[in-house]
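First up is the structure itself, then whatever we jot down about it.
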Amino acid sequence: VQLQASGGGLVQAGGSLRLSCAASGRTFSSYAMGWFRQAPGKDREFVSAISRGGVRRDYTDSVKGRFTISRDNAKNTVVLQMNSLKPEDTGVYYCAGASGAVSGVYYTTDNRYTYWGQGTLVTVSS
């Protein structure tokens with residue numbers, strides 16, 4: 001599967017952005033999906049994940065209550081809605097897909113993901 005992330009940009013603190021990840025192929029519904037980010041000079045970190053059917057979701061503590069992940073398996077897309085953005089949210093955001101996912105399971109470690117998008121840059125100014 002190929003993943004294409006979009007929706008990044010420059011926004012002021014307190015603003016919102018909506019990241020989308022479009023997947024090719026007919027097996028999207030069998031993948032658990034996740035979002036990771038990498039800030040300048042830092043390691044890539046987990047942001048959010050969602051199970052195959054979209055029932056179970058998880059977030060890193062720093063974005064809980066501000067970010068929402070969702071997916072539409074009919075449209076092969078996963079979305080990360082980001083509200084109340086902070087300068088520390090700045091980074092390149094990557095969507096990722098985990099093949100062979102069990103129903104109801106999501107993953108928070110990047111080594112579980114097989115497919116990665118190219119990344120989209122989010123810059124939050126103070």
Side-chain angles (χ1 to χ4, degrees):
V1 65
Q2 290 185 323
L3 303 175
Q4 180 74 35
S6 62
L10 173 64
V11 64
Q12 289 188 332
S16 298
L17 283 173
R18 181 180 175 90
L19 304 185
S20 293
C21 179
S24 63
R26 294 181 290 179
T27 59
F28 177 74
S29 61
S30 69
Y31 290 82
M33 298 297 295
W35 286 95
F36 291 76
R37 67 187 178 189
Q38 186 167 22
K42 295 187 177 181
D43 293 335
R44 186 166 59 191
E45 65 172 352
F46 167 76
V47 176
S48 182
I50 189 166
S51 61
R52 286 169 44 179
V55 174
R56 297 194 67 206
R57 312 171 192 198
D58 196 19
Y59 304 90
T60 192
D61 286 346
S62 63
V63 309
K64 285 180 180 177
R66 300 187 298 120
F67 290 13
T68 302
I69 190 171
S70 61
R71 67 188 296 162
D72 185 336
N73 286 342
K75 296 181 179 180
N76 283 12
T77 59
V78 60
V79 170
L80 185 68
Q81 177 66 45
M82 306 188 297
N83 299 328
S84 302
L85 283 161
K86 303 176 180 180
E88 52 263 43
D89 294 318
T90 293
V92 178
Y93 283 69
Y94 299 90
C95 63
S99 60
V102 177
S103 179
V105 173
Y106 56 79
Y107 306 102
T108 61
T109 56
D110 58 4
N111 60 3
R112 186 56 185 85
Y113 289 85
T114 309
Y115 302 101
W116 292 84
Q118 85 289 0
T120 185
L121 177 63
V122 172
T123 304
V124 184
S125 63
S126 57

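Note that the structure is predicted; figures quoted are calculated from it, not measured. One is the number of the first residue; the rest follow in order along the sequence.
E45 contributes atom CD, which lies 9.5 Å from atom CD of Q38 (distance to the nearest 0.5 angstrom). Expressed to the nearest 0.5 Å, how far OG1 of T109 lies from CZ of F36 amounts to 6.5 Å. Rounded to the nearest 0.5 angstrom, L19 CG and Q81 CD are separated by 8.5 Å. To the nearest 0.5 Å, atoms CG (D58) and CD1 (I50) are separated by 11.0 Å. Taken from CG in L17 to OH in Y93, the straight-line distance is 9.0 Å, to the nearest 0.5 Å. Rounding to the nearest 0.5 Å places OG1 of T77 at 9.5 Å from CE of M33.
Summarising the geometry of S70 relative to V78, their closest heavy-atom pair is O-CG2, 3.1 Å, with the distance given to 0.1 Å. Counting all heavy atoms, side chain and backbone alike, V79 lies closest to W35 at C-NE1, 4.1 Å. What you find for A23 and V1 is that their closest heavy atoms are CB-CG2, 3.9 Å. Across all their heavy atoms, G117 and Y94 have their closest contact at O-CD2, 3.6 Å.
Under the rule for a ring-ring contact (aromatic ring centres under 6.0 Å, His included), the partners of Y115 that lie at least two apart in sequence or sit in another chain are Y31. Partners of F67 by ring-ring contact (aromatic ring centres under 6.0 Å, His included), not counting sequence neighbours: none found. Every residue two or more places apart in sequence or in another chain was checked for a ring-ring contact (aromatic ring centres under 6.0 Å, His included) with Y59, and none qualifies.
With respect to the salt-bridge test (charged N to carboxylate O, under 4.0 angstrom), the residues D89 and K86 do not qualify.
Of the possible donor and acceptor atoms, none in the side chain of R56 sits under 3.5 Å from a partner among the backbone N and O of S51. With hydrogens and angles disregarded, no donor-acceptor distance shorter than 3.5 Å links the side chain of R37 to the backbone of V47. No donor-acceptor pair under 3.5 Å is formed between the side chain of N83 and the backbone N or O of T68.
Within 6.0 Å of NZ on K42 lie no more than 12 heavy atoms contributed by other residues, nucleotides or ligands. Enclosure of atom CG in D43 is not indicated, since only 12 or fewer non-hydrogen atoms of other residues, nucleotides or ligands lie within 6.0 angstrom.
For residues 2-101, the pairs satisfying disulfide bond (SG atoms under 2.5 Å apart) are C21-C95, with sequence neighbours left out. Annotation: side chain to side chain donor-acceptor pair (under 3.5 Å) contacts involving residues 96-108, sequence neighbours excluded, comprise S99-T114, Y107-R112.
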List the atom pairs, donor and acceptor, that lie under 3.5 Å between side-chain atoms in residues 118-126 and the rest of the protein, sequence neighbours left out.
{"residue": "Q118", "atom": "OE1", "partner": "A5", "partner atom": "N", "Å": "3.2"}
{"residue": "Q118", "atom": "NE2", "partner": "A5", "partner atom": "O", "Å": "2.8"}
{"residue": "T120", "atom": "OG1", "partner": "G8", "partner atom": "N", "Å": "3.0"}

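Under the 4.5 Å side-chain heavy-atom criterion for grouping Ile, Leu, Val, Met, Phe, Trp and Tyr, L80 is not connected to L10 through any hydrophobic cluster. Taking hydrophobic clusters as Ile, Leu, Val, Met, Phe, Trp and Tyr residues chained together by side-chain heavy-atom distances below 4.5 Å, W116 shares a cluster with V92.
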**OP:** Start with the C-alpha gap between N73 and R71, add the side-chain angles, then the distance that decides, and say whether side-chain contact (heavy atoms from CB on, under 4.5 Å) holds.
**Re:** CA-CA 6 Å; N73 286 342; R71 67 188 296 162; 2.7 Å; yes
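A 4.5 Å side-chain heavy-atom check between V63 and S48 finds every atom pair outside the cut-off.
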